Amino acid sequence: MTATDIETERHIDRSAMTVSDEVAIEIRGMNKWFGSFHVLRDINLTVYRGERIVICGPSGSGKSTLIRCINRLEEHQQGDITVDGTLLSSDLKNIDRIRSEVGMVFQHFNLFPHLTILENCTLAPIWVRKVPKKEAEATAMHYLERVKIPEQAHKYPGQLSGGQQQRVAIARSLCMNPRIMLFDEPTSALDPEMIKEVLDTMIGLAEEGMTMLCVTHEMGFARQVANRVIFMDQGQIVEQNEPEEFFNNPQSERTKLFLSQILGH
Amino acid sequence: MSDTHAQTQPFVRGEMLPESEPPLAEKGAVKWLRENLFSGWLNILLTVVSLYVIWVVLSTVVPWTVLGIWDADSLTGCREIRDARYGEGMEVACWAVIADRWQQLLFGFYPRDLYARPVLALLVFFAGIAPVLFTGLPRKLLWGSLAAPFVMYWLLWGGSIWGPIVVALGLAVGALAFQVGNRAQGALLGGILAIVVPILYWLFLAGPLIRALASVLPIGIEFVPSDDFGGFMLSFIIGIAGITLSLPLGILLALGRQSDLFIINKVSVAFIEIIRGVPLIVWLFTASLLLNYFLPPGTNFDLMLRVIIMVTFFASAYIAEVVRGGLAALPKGQYEAGDALGLDYAKSMRLIILPQALKIAIPGIVNTFIGLFKDTTLVVFIGLLDPIGLSNSIRATTDWNGIYWELFVFIGILFFICCYSMGRYSLALERKLTRENR
């Protein structure tokens, strides 16, 4: 799907998409190894509140690992990660606090198949935030309406299509009122027809000023919504720039090759 | 050249065909018989031979069972009645032994005038297990399930009422210790306190407390020593205690085996492999003979309790492996989604991982339970009077010397009923869970 495709269908309201000076995530000199494989090398990245960052790169470049380090699904071995002012260390309390502030959407949705859609959405607010059940259900219905599937609330995930499941997964994260959202290839496991409904939901989030880090190959989405595009290869940040510059005037040879391959057909 | 085939005839249907019945030979019982029993010469032959074999077996077993003699007071009495009734040479069952000794087969040497107590205990068991098995019942009833084991213990063994009450209080003490630890330092300290404090309480405080309360307010019923327990009552007590205790222990072992914490992991693995790698009968002999050498002299550690502990350990090692299979079948994404939402380990296990893993493991778990229940008959080898042991002692009397089949058939039927109902419940539960979350 190219940028123009979406743009003709949907006008993007940029009024709330403002980047503040407040730092949301700060990564300094971060290194990570899987065994002896050096998967992330000297990552330095500052994310300001309200930023929409798209991370792209060939498979195996470490982009998923990078955002999984931010909520400690992967442990880094060197350097500092500060999320919302909390330094990520092995202190379990800090980790749980960061995780409840940072929402994450996975490639394969990872909904809980034994719970209804509504229960999926209320589980964490009830058990982590100790929100009363009634209130949690009201919030959940509010977000399910926002992702446009309130009528599915009492079904089980297995009864929904992939696109609907991914929208539930987004609603589930939003129910925790996260200040930052991480998307790990949210549309890669979807049929082409369903990609749009998920992207629309994400665009809606961006319009409300949510801080987003998104690993994706949807370059149309990157062009329209992102304020910064990061290109990674071999565990390093190779290039980052505003989308316009990044796509029209890539600097490094590696980026040019990558862009020619994914946009060239 | 046209791209339609030369033979293609244009066709338009004028009217739609009505629905019609399939041919007579293609529906209902006729079709079923033809397809399943008489579909070819070989099948017809096999059907006829099988029917003949079934006929031969039934024509022996059914008269033997149905014509059986109920009103005799010894095996010789049985034979006399049989010869008088059916003539020489006819073999029929002598159910009189069951009629004469059924109480013993069910209750062992439990005092005759107190039979109501074990029956009541069984009813308490059913009342306690109902809310666990049937999720439609109100959840408040689970408190009753928690109290049921203590009520059952008191009904079965009797004695002062303060014993079970004071021991049950240990659970409340544990819960309180967890709360305090959790507030102060988090779930880890809470968990440790929840285990250590009740154990200290049971070891040092419970004994004096029971004696003090009993001397102030002596309420109690007649005490029955474990030596008098026997028959199906014994199998039920060991089986039920083993089943209810081995499930939580097995789950903990499975989680321990998955744990990243080195010591917990290795201890769980060692426990599972050692317990599973040695025959149950060896563990039972260990319980009955060897444990006394290790315990301080003078400690009176009930043999039945020792057997229950061994059977529980044995079954929990198997359950741990079955549950581990369920845990392994879950995609990694389920763990990650729980983590990413900020659920801590205990909550993500309880709310996300275990409900799914246990659902996968249900057939294996119930299979283990059925095995455990039948294995309770092994206690006959260490001198406990389970149904098999009682059948031996019944046969040792002059009245019933030489009777085998009838006793074993009776015992077998009772075991079958129990195991079959467990199997059916597991099937129903599986179906219910699949229906719920398709």
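Not measured: the values here are computed from a predicted model. These values consider heavy atoms only, across backbone and side chains, with no hydrogens, waters or symmetry-generated copies.
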Subject >> Criterion salt bridge (Lys or Arg N to Asp or Glu O under 4.0 Å) on B/E273 and B/R276, from CA distance to verdict >> reply: CA-CA 5 Å; B/E273 297 298 345; B/R276 202 171 51 145; 3.1 Å; yes
Original post:
Which residue pairs satisfy the side chain to side chain donor-acceptor pair (under 3.5 Å) criterion with at least one member in residues 76-91 of chain A, sequence neighbours excluded?
Top reply: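 Those involving residues 76-91 of chain A are A/N31-A/Q78, A/R49-A/D84.
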**OP:** May I ask you to test the A/L160-A/F109 pair for a side-chain heavy-atom distance under 4.5 Å?
**Re:**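 A side-chain contact under 4.5 Å is absent here.
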What part of [X] gets closer than 4.5 Å to chain B, counting heavy atoms only: side chain, backbone, both or neither?
X      : value
A/V102 : backbone
A/R172 : both
A/F106 : side chain
A/D96  : both
A/L92  : neither

Original post:
Counting distance only, does the side-chain N/O of B/T434 pair as donor-acceptor with the main-chain N or O of B/E430 below 3.5 Å?
Top reply: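 Side chain of B/T434 to backbone of B/E430: a pair is present.
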Subject >> A/A136 to A/V131 - nearest heavy-atom pair and separation >> reply: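 Nearest heavy atoms, A/A136 then A/V131: N-CG1, 3.7 Å.
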Original post:
Do any of residues 332-348 of chain B come closer than 4.5 Å to chain A, heavy atom to heavy atom, and if so which ones, in number order?
Top reply: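 Against chain A, the residues of residues 332-348 of chain B that fall inside the cut-off (heavy atoms, under 4.5 Å) are B/K332, B/G333, B/Q334, B/E336, B/A337, B/G338, B/D339, B/A340, B/L341, B/G342, B/L343, B/D344, B/K347.
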Subject >> Contact residues of residues 316-328 of chain B (partner chain A; heavy-atom separation under 4.5 angstrom) >> reply: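 Residues in range: none.
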Taking everything shown except [X] itself, do over 12 heavy atoms lie less than 6.0 Å from its [atom1]?
X      : atom1 : value
B/R424 : CZ    : no
A/F34  : CZ    : yes
B/W202 : CH2   : yes
B/I263 : CD1   : no

**OP:** Would you tell me whether A/E51 and A/T211 have side-chain atoms, one donor and one acceptor, within less than 3.5 Å of each other?
**Re:**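 No - no donor-acceptor pair under 3.5 Å links their side chains.
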**OP:** Might you work through the salt bridge (Lys or Arg N to Asp or Glu O under 4.0 Å) test for A/E208 and A/R146, ending with a clear yes or no?
**Re:** CA-CA 12 Å; A/E208 287 171 21; A/R146 252 198 54 185; 2.7 Å; yes
I'd like a table of donor-acceptor pairs (distance under 3.5 Å, sequence neighbours excluded) in which one partner is a side-chain atom from residues 174-195 of chain A, with atom names and distances.
unit_1, atom_1, unit_2, atom_2, d
A/N177, OD1, A/Y143, OH, 3.2
A/D184, OD1, A/S64, OG, 2.7
A/E185, OE1, A/S188, OG, 2.8

